Number of protein chains: 2
Amino acid sequence: MDPAVVGRRVRALREEQGISLSTLARLAGVGKATLSGLEHGTRNPTLETLWAVTAQLGVPFTALLAEPAAEPTVHGTAVTATLLEVFTDTDATYELYRMRVAPGVTQLSPAHAPGVTEHVTVFAGVLRTGPADAPLTAPAGGHLRWVSDVPHSYAAVGDEEVAASLLLRYPRR
Amino acid sequence: MDPAVVGRRVRALREEQGISLSTLARLAGVGKATLSGLEHGTRNPTLETLWAVTAQLGVPFTALLAEPAAEPTVHGTAVTATLLEVFTDTDATYELYRMRVAPGVTQLSPAHAPGVTEHVTVFAGVLRTGPADAPLTAPAGGHLRWVSDVPHSYAAVGDEEVAASLLLRYPRR
DNA sequence: CCCGACTGTTCCGTTTACGGAACGGAAGCG
DNA sequence: CGCTTCCGTTCCGTAAACGGAACAGTCGGG
């Protein structure tokens with residue numbers, strides 16, 4: 001893997017918080033040269049250095065290393081979904097996705113097996129989704145839930161891309 | 001964090017696979033001295049070294065780091081949560097966790113910053129959570145949401161462990 | 001036995017990541 | 001215009017992480 005990726009991640013996180021390189025270096029107890037080289041990917045940081053920096057950023061290690069590329073991703077006309085986790089329980093199997101819905105397009109999805117339900121939590125944007133003949137709308141922070149054994153649709157309301165988490169529940173037959 | 005913890009984890013993973021230190025070092029392309037020191041916690045490994053070893057073990061980086069996020073969320077006796085993803089957009093930063101709540105114990109969590117909200121979707125079991133003075137209850141498939149700028153509690157109802165996804169929303173200041 | 005092949009640890013020279021200091025550049029202020 | 005105070009990068013001596021080799025210990029076979 002590429003240390004440059006980690007570096008870019010650190011720089012992005014730092015700038016999100018509006019902290020300067022100098023202050024972050026001081027707070028984390030590392031040299032400015034160290035942090036500079038780390039962000040540029042020209043150094044090969046030690047565990048101790050990474051730990052100090054991520055701790056000061058208030059970010060768990062995983063935030064630096066989450067690699068979506070290897071994860072299975074489903075692309076549709078409007079929807080891009082990446083599978084985060086599969087969870088199996090005595091009653092049902094669950095699939096948790098992160099979903100993005102591009103604006104301006106409506107995507108239709110065929111019916112799933114009987115009893116399958118979908119649960120959506122919207123992060124950003126406004127999402128219209130649900131049974132194709134009676135979709136529901138949820139703004140950022142909202143939550144929707146419907147039985148998806150009928151054809152259903154996904155669409156972003158307005159021109160902002162929608163980000164959401166999608167939980168699919170498949171009851172055990 | 002303690003490099004000795006990482007070392008023990010690597011050794012445990014290696015022995016699980018029945019691979020000797022020598023062969024793992026050779027396969028990963030690192031020196032035996034390096035791997036030996038890493039497993040003993042007497043060295044401060046670089047990102048490159050950790051990467052090579054974990055890749056050869058077929059283990060994601062996160063497997064080495066038992067305790068991902070002590071920061072924004074406080075986890076303790078009843079709740080164990082693992083961070084799945086961090087998502088930042090113009091209005092807020094989101095953290096998506098998979099959460100497990102052990103039965104028989106109630107865990108209290110201190111108030112977060114003003115405006116922080118929590119969204120929970122229950123996979124399995126029955127969860128009672130929300131503001132400590134007025135918790136809500138959700139069965140499998142249910143969804144809860146509350147503003148977490150007050151102390152709040154988590155508890156499993158009944159004797160079944162609860163599995164859920166937890167979305168934390170931090171509004172941008 | 002004794003040998004070969006293996007285990008994991010330790011020694012050691014080379015490479016390099018480390019922090020402190022010095023650097024040029026960009027604001028903000030009198 | 002100076003002067004100060006930040007910013008991020010570069011230079012550099014030191015500390016240490018690196019891989020290769022040598023080490024003792026263990027097992028199995030001839």
Side-chain angles (χ1 to χ4, degrees), chain A residues 1-67, chain B residues 1-68 88 90 93 172-173:
Chain A
M1 153 89 174
D2 199 349
V5 172
V6 175
R8 280 196 291 274
R9 212 59 150 278
V10 169
R11 172 152 293 194
L13 285 167
R14 175 173 67 76
E15 291 181 342
E16 269 174 28
Q17 302 194 11
I19 305 178
S20 73
L21 185 147
S22 309
T23 40
L24 177 58
R26 181 172 44 79
L27 291 173
V30 305
K32 296 203 292 181
T34 302
L35 186 52
S36 179
L38 162 60
E39 291 191 354
H40 278 285
T42 58
R43 282 202 190 177
N44 177 19
T46 64
L47 181 61
E48 192 180 11
T49 299
L50 281 174
W51 203 278
V53 172
T54 54
Q56 191 49 234
L57 285 171
V59 169
F61 244 81
T62 52
L64 300 183
L65 307 156
E67 202 41 71
Chain B
M1 146 107 168
D2 199 349
V5 172
V6 175
R8 281 196 290 274
R9 201 44 90 42
V10 169
R11 173 153 291 195
L13 285 168
R14 177 173 65 78
E15 291 180 343
E16 269 176 28
Q17 301 194 14
I19 305 177
S20 73
L21 185 147
S22 310
T23 40
L24 177 58
R26 181 171 44 80
L27 291 173
V30 306
K32 297 202 292 179
T34 302
L35 186 52
S36 178
L38 163 58
E39 291 192 354
H40 279 284
T42 58
R43 282 202 190 179
N44 178 19
T46 64
L47 182 62
E48 193 179 14
T49 299
L50 281 173
W51 211 285
V53 172
T54 55
Q56 190 51 232
L57 284 171
V59 168
F61 214 95
T62 56
L64 300 184
L65 309 157
E67 189 207 13
T88 304
T90 51
T93 299
R172 186 170 296 278
R173 281 183 298 274

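Atoms considered below: every heavy atom in the structure, side chains included; atoms not considered: hydrogens, waters and symmetry mates. Model, not experiment: these values are computed from the prediction. Chain identifiers are assigned alphabetically (A, B, ...) following the order of the sequence lines, protein sequences preceding nucleic acid strands; residue numbering begins at 1 within each chain.
Scanning both residues, A:Arg43 and A:Leu38, for their nearest heavy atoms gives CB-N, 4.4 Å. The two residues A:Ala28 and A:Ala52 have their closest heavy-atom pair at O-CB, 3.5 Å.
The interatomic distance linking B:Glu15 (CD) with C:dG8 (P) rounds to 8 Å, in whole Å. Rounded to whole angstrom, the span from the CG atom of A:Leu47 across to the P atom of C:dA17 amounts to 15 Å. Here C:dG8 presents its C1' atom at 10 Å from CG of B:Leu35, a figure rounded to the nearest Å. Distance B:His40 NE2 to C:dC11 C1': 15 Å, rounded to the nearest Å. Rounded to an integer number of Å, the gap from CG of A:Asn44 to P of D:dC18 is 8 Å. Rounded to whole Å, atom P of D:dC18 lies 13 Å from atom CD of B:Glu39.
Dashed line: the shortest gap from a side-chain N or O of A:Thr46 to OP1 or OP2 of C:dC18 is under 4.0 Å. Taking side-chain N and O atoms only, A:Thr49 has no distance below 4.0 Å to OP1 or OP2 of C:dA17. Note on B:Arg43: a side-chain N or O is less than 4.0 Å away from OP1 or OP2 of D:dC18. For D:dT9, the OP1/OP2 oxygens have a side-chain nitrogen or oxygen of A:Ser36 closer than 4.0 Å.
Between B:Arg14 and B:Glu39 there is a salt bridge, with a side-chain nitrogen of the basic residue lying less than 4.0 Å from a carboxylate oxygen of the acidic one.
Relative to the axis of its first five pairs, the axis of the last five pairs of the helix from C:dT7-D:dA24 to C:dG30-D:dC1 sits at 30°, rounded to 10 degrees.
When each of A:Leu35, A:Val30, A:Leu13 is checked for a side-chain contact (heavy atoms from CB on, under 4.5 Å) with A:Leu24, only A:Leu35 meets the rule.
A donor-acceptor contact shorter than 3.5 Å is absent between the side chain of A:Asn44 and the backbone of B:Thr46. B:Thr54 contributes a side-chain N or O that, together with a main-chain N or O of B:Leu50, makes up a donor-acceptor pair within less than 3.5 Å.
Going from atom CZ of A:Arg26 over to atom OG of A:Ser20 covers 7.5 Å, rounded to the nearest 0.5 Å.
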- Stepwise side-chain contact (heavy atoms from CB on, under 4.5 Å) check, B:Val5 with B:Arg8: CA-CA 5 Å; B:Val5 172; B:Arg8 281 196 290 274; 3.7 Å; yes

- Task: Could you please spell out the steps behind the side-chain contact (heavy atoms from CB on, under 4.5 Å) verdict for B:Arg11 and B:Leu21?
- Result: CA-CA 8 Å; B:Arg11 173 153 291 195; B:Leu21 185 147; 3.8 Å; yes

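For DNA chain D, none of the residues of residues 19-27 of chain B falls under the heavy-atom distance limit of 4.0 Å.
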- Task: Would you mind building the protein contact string for nucleotides 21-28 of chain C? One character per nucleotide, 5' to 3', B for base within reach (heavy atoms under 4.0 Å), S for sugar-phosphate only, - for untouched.
- Result: --------

